[in-house]
Each structure stands twice: as C-alpha cells, then as structure tokens.
Amino acid sequence: MTKILILAGLSILLVGIAVVLLGVKALFVKGGRFPSGHAHDIPALRKKGIGCHHDED
C-alpha cells in the first residue's frame, strides 16, 4: 500500500515539475507566452510544405 502512495506522489511531483519547466517563460517572463503549436508558425514545417488544419478550413 505504501509503495503505491510513494509512486503516486512521485508521479504527481514529476508532472508538476514538467509543467513548471515547460511554462517558465510564460510564468516568469513579463509578457511571456507559451509557444504556438500550430504548424504554420514552425519554420521547419512550413519549409516542408506541411500546413495547419486551421488554414484548410
């Protein structure tokens, strides 16, 4: 039973650390934002001709 609680606690801790690290710029930089995940905002995808579904609607 205690092994399950330790595993659950570690899992929650790791997810929390990941969220904080991914959001450092958005949370701690004035005017910071999360990066766009749209394909049309990523130069490497644009170069390959991969588009965003928002453009196709």
Side-chain angles (χ1 to χ4, degrees):
M1 180 74 176
T2 59
K3 288 183 181 183
I4 294 173
L5 292 175
I6 292 172
L7 182 62
L10 285 174
S11 300
I12 291 170
L13 180 67
L14 287 175
V15 169
I17 290 171
V19 168
V20 169
L21 290 176
L22 288 171
V24 165
K25 183 178 177 184
L27 296 173
F28 299 114
V29 174
K30 186 174 182 176
R33 299 184 324 180
F34 285 102
S36 174
H38 293 283
H40 67 267
D41 292 332
I42 302 172
L45 293 178
R46 271 187 287 159
K47 185 177 178 181
K48 292 181 180 181
I50 298 172
C52 187
H53 73 88
H54 286 285
D55 297 335
E56 296 175 7
D57 286 343

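Under the 4.5 Å side-chain heavy-atom criterion for ILVMFWY residues, no single connected hydrophobic cluster contains both L13 and L5.
L14 belongs to no hydrophobic cluster with other residues, because no ILVMFWY side-chain heavy atom falls under 4.5 Å from its own, directly or through intermediates.
The local environment of CD1 in I4 is sparse, with at most 12 non-hydrogen atoms from other residues, nucleotides or ligands closer than 6.0 Å.
The distance from atom CD1 of I17 to atom CD1 of I12, rounded to the nearest 0.5 Å, is 12.0 Å.
Take L10 and apply the side-chain contact (heavy atoms from CB on, under 4.5 Å) test, not counting sequence neighbours, and it matches I6. With sequence neighbours excluded, no residue forms a side-chain contact (heavy atoms from CB on, under 4.5 Å) with L22.
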